[in-house]
Every structure is written in structure tokens, then in C-alpha cells.
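I have placed the structure first, in the form of C-alpha cells, so that the comments after it can refer back to it.
These numbers come from the heavy atoms of this one structure, side chains and all, not from hydrogens, waters or symmetry mates.
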Amino acid sequence: MTEPTNHNTDTDQRLTDLEIKASYADDLLDTLNQLVARQQEQIDLLLREVSRLRQRGGDDGLSAGPRDPRDELPPHY
């Protein structure tokens with residue numbers, strides 16, 4: 001009769017270990033979801049900023065059109 005008690009103890013320990021792992025996995029999933037949400041907010045902000053800079057660039061003459069290579073020379077030339 002010692003074997004069934006040992007088996008129950010082993011099963012209980014394995015079940016407890018699985019519950020602990022599941023708890024850690026849930027916590028990690030929540031943390032990663034928060035991280036992804038923050039990163040998406042940052043991406044959205046950066047996309048708006050790039051869009052704003054592109055629109056403003058057309059007004060300032062800084063558009064992405066062709067450039068004169070002479071304008072690229074360092075000032076000491």
C-alpha cells in the first residue's frame with residue numbers, strides 16, 4: 001500500500017509544478033502583451049512624426065527630390 005500513496009504524492013507534486021509553470025507563463029504573456037502594446041504606440045507615434053516631417057519638408061524645400069552633390073561637400077572645401 002505504500003506505492004499508491006507515493007504515486008499520489010508524485011502526481012500532486014507534478015500537478016503543482018505544472019500550475020506554477022502555467023502561472024509563470026501567464027505572467028510572461030501579460031508582460032509581453034504590454035510590451036507589444038507600448039511598442040505599437042511608439043511605432044504609431046513615429047509614423048505620425050515621419051508623415052509630419054515629410055509634409056513639412058515640402059514647404060521648406062527639403063523634399064526627397066534630387067540633390068546637388070556640391071551641396072553635400074563639407075564646409076572646409
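Taken from CG in L15 to CG in D10, the straight-line distance is 11.0 Å, to the nearest 0.5 Å. In this structure, the separation between CG on D30 and CG on L35 is 12.5 Å, given to the nearest 0.5 Å.
Checking side-chain atoms of S51 against main-chain N and O of L47 turns up no donor-acceptor pair under 3.5 Å.
Other residues sharing the hydrophobic cluster of V36, ordered by chain and number and joined by side-chain separations under 4.5 Å: none, the residue standing alone.
Residue pairs meeting the side chain to side chain donor-acceptor pair (under 3.5 Å) criterion with at least one member in residues 13-23, sequence neighbours excluded, are Q13-D17. For residues 35-47, the side chain to side chain donor-acceptor pair (under 3.5 Å) pairs, not counting sequence neighbours, are Q40-D44.
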Stepwise side chain to side chain contact (heavy atoms under 4.5 Å, CB included) check, H7 with T11: CA-CA 6 Å; H7 179 68; T11 302; 3.8 Å; yes
